[in-house]
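Everything quoted here is computed from the prediction, not taken from an experiment. Numbers here simply count residues along the sequence, with the first being 1.
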Amino acid sequence: MPSNDSGAPHVAGPAGPDQATGVPQAPAPPGVVNGHNGDAHAAAAPDGTDTPDGTGALDETDTADAAEPYLPPATQPIRAVVWLIHLIAPLLGLWLLLANPHINIEWHHNPSHFYLIVGVAAVNFALGALISEASARRSDARLLLVSLVFISSAGFFLLHGLTTPTFFLPVRTVGFDLAQPIGLTVAAVFAFVSALPMSDRIAQAVLRNQRWLRGGLFTLLTIWGLASLVPGLTMLSDPVRPGGASLGWWSLLGLVLYVGAAALLFRHHRQRPSPMLISLITAYALLAEAMYAGADQVAWLLSWWEWHLLLTLAFLFVAYSAYIQFRREGSTVGLFDSIALSATVRRLQAQYDQALEEVVGHLRRGTRSDVPVAARLAGKFRLTAGQVEVLDRAATALANERELSERLGALVDIGARARVGLPEEELLGDALERVRQAYGDVRVGVVHNGLLHSGRPTLRRPYELEALKLGEPLRENGLIAHPLTVKGNLAGVLEVPIGTTEQDEALAATLASQLSIALENARLYNELEKLFRQYMSPDVAQSLLADPDQAALGGSLIRLTALFADLQGFTTFSERVAPGDIVEMLNRYHTAAVPCILRNGGTIVQFVGDALLALFNAPARQHDHELAAARAALEMQQAAALVSEQVAREQAEGRLPDVKWPRFRVGINTGLALVGNIGSPELRGFNAMGDAVNVAARLESIAEPGTVVIGASTYEALPGAEVTSLGDLSLKGKEQPVRAYVLHGLSNGGPKE
């Protein structure tokens with residue numbers, strides 16, 4: 001399917017005459033390219049493209065109205081009027097001459113005709129050569145065909161000039177009369193074909209056959225030249241009959257082709273405005289008028305001279321636009337890119353994107369040179385001087401924007417890293433690694449005992465630290481040092497390279513403030529965590545640190561497993577030993593027992609003398625809390641047995657009093673309980689209440705030392721557990737008997753399905 005090709009405008013340059021109309025124009029405001037509002041990225045494109053999708057081409061489904069360019073209301077009518085004057089004035093002049101024969105006088109001056117036509121041919125050859133070079137450079141089929149428009153017209157114009165009477169041939173010949181209309185008709189064919197939408201397949205076919213196209217054209221010109229310049233060889237060198245020779249109304253074929261080409265190019269122009277396209281459209285329109293004006297005119301009359309003037313104006317119009325654009329761009333590279341196919345435009349946009357990224361990369365890496373980076377890349381990407389200037393500005397703006405975005409992103413990440421439980425060293429290490437990606441060589445020093453550690457030696461001077469304590473940043477050796485504070489006191493120093501934009505200093509100060517907050521939070525959380533973990537279970541402490549609202553009075557009904565444990569014989573032991581021995585005994589047993597509970601996900605909510613209460617499935621949820629409690633209880637008894645063995649050895653060695661130590665007994669039960677914070681607004685504690693907890697306490701009280709007794713609800717969740725049934729027991733406070741079991745082991749570690 002053919003693609004919808006559209007030309008691409010060039011970047012607006014300094015103030016100057018409009019390339020299509022010659023009307024002086026004001027400089028384009030910042031961010032506006034040929035009437036389009038665009039960002040720096042679009043404005044700097046080497047081919048001047050400024051498409052909605054950044055590709056330089058519109059889809060086939062896009063209509064001209066949808067892609068109609070924006071033009072200021074005060075400018076659009078002026079351009080339209082001036083353009084119409086260019087087209088109407090010649091026809092008006094022709095009408096005046098034909099309507100008033102007395103002023104349509106004859107002016108027969110061979111030298112004027114010769115130099116005029118040869119001059120126009122020279123201009124056409126120059127334009128054709130430039131466009132041909134552009135087509136080879138861009139590998140573009142449309143540019144190739146447009147170049148053939150100018151080369152074919154230039155060749156026939158030259159032959160028309162060479163056959164001017166009295167120069168090489170003594171009389172006016174048939175070849176003299178037919179050279180121009182034939183040349184314009186051949187050029188019209190190339191013009192119309194070049195304006196048609198072209199798929200990639202067709203474009204590649206045209207490029208593959210460009211030698212045949214050029215060779216065929218030059219063969220035709222050679223044959224025509226020999227036929228018209230060698231006397232007696234063909235009828236073209238014969239003297240013309242009275243009334244002259246012409247194509248007659250066959251000239252309308254060229255007229256229709258030029259009008260069609262102009263209409264197709266105007267459609268492209270509406271989709272993608274371009275001064276060079278306007279110039280080419282105007283030239284085709286004038287050539288169509290020339291075909292009409294020269295259809296049947298008497299030689300050497302003023303009306304005959306007028307269509308020569310139309311030819312001259314048509315091609316000089318394009319030449320003048322190219323000259324103006326050359327002055328703006330400073331190079332012939334890219335003069336005709338706006339005429340190219342959409343595929344070429346997309347390729348150029350991709351090259352520009354690559355150039356822009358390379359320039360941004362150099363700027364971000366801090367590459368230093370007296371020559372702008374964009375200028376050093378100009379040869380690689382074939383950029384003009386104007387494009388280099390715009391590219392350099394665009395790359396600088398884009399590099400600054402990306403740097404700003406990365407630094408803002410670093411600030412966000414620093415805030416995210418200041419979370420519960422992150423140690424100060426890890427926080428600073430992670431923050432420093434992240435910040436260096438955005439800010440460069442950043443260093444952080446921490447103050448300990450009034451001295452700065454890990455910072456630069458030059459900032460360890462006393463007066464510098466005193467200045468930082470006052471909250472004032474210091475600048476030295478390309479770095480700016482900001483104080484890091486915790487509760488208003490100097491806690492560290494942040495050293496950041498001095499930036500190049502206005503936002504850099506503010507961002508560095510914000511970074512220092514963010515790091516100060518993160519450091520203060522880390523230290524506060526560390527203090528709270530140490531305090532909480534020493535007096536409550538880690539799960540409860542972590543929950544309160546993350547969400548203080550969980551400390552509110554109240555609770556919820558939860559199915560849980562309660563584990564009660566105490567030391568049987570504690571009272572007798574306490575009567576026979578010193579208080580210090582009691583504390584040592586409790587600490588040794590609890591040191592062995594507590595890890596067993598925590599390792600299995602339990603939460604210890606109470607220490608009452610020699611007893612403790614642990615909950616499973618509260619506050620942290622566990623899908624197998626019965627199994628976790630049973631494991632914890634068995635591990636506790638194993639750990640307590642090891643303590644007893646060690647105590648026995650120490651008593652035998654005389655290091656401990658020879659008094660029998662108490663032993664753990666454990667009771668476990670599963671059921672519903674009210675779990676939450678109990679107490680008053682001034683003092684509260686996390687606990688669980690309910691029949692399930694009371695039964696666990698009663699089971700623990702009947703357990704033998706060194707054993708674990710579980711209730712029926714817990715046993716049902718432990719398939720394959722090794723137990724001894726105690727039958728139905730009458731427990732204190734319970735009207736109904738409670739079935740209980742002594743737990744010996746867990747042969748099946750999984751929970752009951």
Side-chain angles (χ1 to χ4, degrees), residues 106-129 148-191 212-255 257-258 287 290-312 314-315:
E106 178 181 348
W107 184 55
H108 194 139
H109 194 266
N110 293 339
S112 298
H113 177 272
F114 175 81
Y115 291 115
L116 173 66
I117 294 300
V118 172
V120 173
V123 171
N124 279 13
F125 266 122
L127 288 173
L148 296 179
V149 172
F150 289 90
I151 292 173
S152 60
S153 59
F156 280 98
F157 286 1
L158 178 61
L159 294 176
H160 176 63
L162 294 178
T163 54
T164 301
T166 71
F167 274 83
F168 293 95
L169 297 175
V171 296
R172 175 182 167 192
T173 63
V174 175
F176 171 77
D177 282 7
L178 294 182
Q180 269 191 199
I182 290 293
L184 289 177
T185 303
V186 172
V189 174
F190 287 122
W212 291 101
L213 290 172
R214 289 194 176 100
L217 176 59
F218 283 110
T219 300
L220 176 62
L221 289 172
T222 302
I223 294 174
W224 186 277
L226 293 174
S228 59
L229 288 174
V230 177
L233 186 60
T234 66
M235 62 173 291
L236 293 178
S237 60
D238 294 342
V240 70
R241 295 178 180 179
S246 70
L247 294 180
W249 294 110
W250 283 102
S251 299
L252 293 179
L253 174 62
L255 184 150
L257 292 175
Y258 279 124
L287 290 176
M291 294 296 292
Y292 172 75
D296 193 16
Q297 294 297 321
V298 179
W300 306 109
L301 294 180
L302 291 184
S303 58
W304 182 81
W305 280 100
E306 184 184 8
W307 72 278
H308 286 72
L309 182 62
L310 284 172
L311 300 176
T312 305
F315 295 108

On a heavy-atom basis, the closest approach of Val186 and Ser152 is CG1-CB, 4.1 Å
With rounding to the nearest 0.5 Å, note down the distance linking CD1 in Ile182 to CG in Leu159. 12.0 Å
What pairs with Thr166 under side chain to side chain contact (heavy atoms under 4.5 Å, CB included), at least two apart in sequence or on another chain? Asn110
Shortest non-hydrogen contact between Pro165 and Pro170, atoms and distance: CB-O, 4.4 Å
For Phe156, what residues pass the ring pair (Phe, Tyr, Trp, His ring centres under 6.0 Å) criterion, not counting sequence neighbours? Trp224
Give the table of side-chain donor-acceptor pairs shorter than 3.5 Å for residues 115-128, with sequence neighbours excluded, one pair per line with atom names and distance.
residue: Asn124; atom: ND2; partner: Ser153; partner atom: OG; Å: 2.8

For Thr222, give me all partners under side-chain hydrogen bond (donor to acceptor under 3.5 Å, both in side chains), at least two apart in sequence or on another chain. none
Atom pairs and distances, donor-acceptor, side-chain atoms in residues 229-240, under 3.5 Å, two or more places apart:
residue: Thr234; atom: OG1; partner: Ala227; partner atom: O; Å: 2.8
residue: Thr234; atom: OG1; partner: Leu236; partner atom: N; Å: 3.2
residue: Ser237; atom: OG; partner: Val230; partner atom: O; Å: 3.2
residue: Ser237; atom: OG; partner: Gly232; partner atom: N; Å: 3.1
residue: Ser237; atom: OG; partner: Thr234; partner atom: O; Å: 2.9

With Thr164 via side-chain hydrogen bond (donor to acceptor under 3.5 Å, both in side chains) - residues at least two apart: His113
Applying ring pair (Phe, Tyr, Trp, His ring centres under 6.0 Å) to Phe114 and not counting sequence neighbours gives Phe167
Looking at CG of Leu213 and CD1 of Ile151, how far apart are the two atoms once the value is rounded to the nearest 0.5 Å? 11.0 Å
Nearest 0.5 Å please: distance from the CG atom of Leu178 over to the OG1 atom of Thr185. 10.0 Å
Check ring pair (Phe, Tyr, Trp, His ring centres under 6.0 Å) between Phe315 and all other residues, then give those that pass, not counting sequence neighbours. Phe150, Phe157
For Gly175 against Ser228, the heavy-atom pair lying closest together: CA-CB, 4.2 Å
When every non-hydrogen atom of His160 is compared with those of Ala179, the smallest separation belongs to CB-CB, 3.7 Å
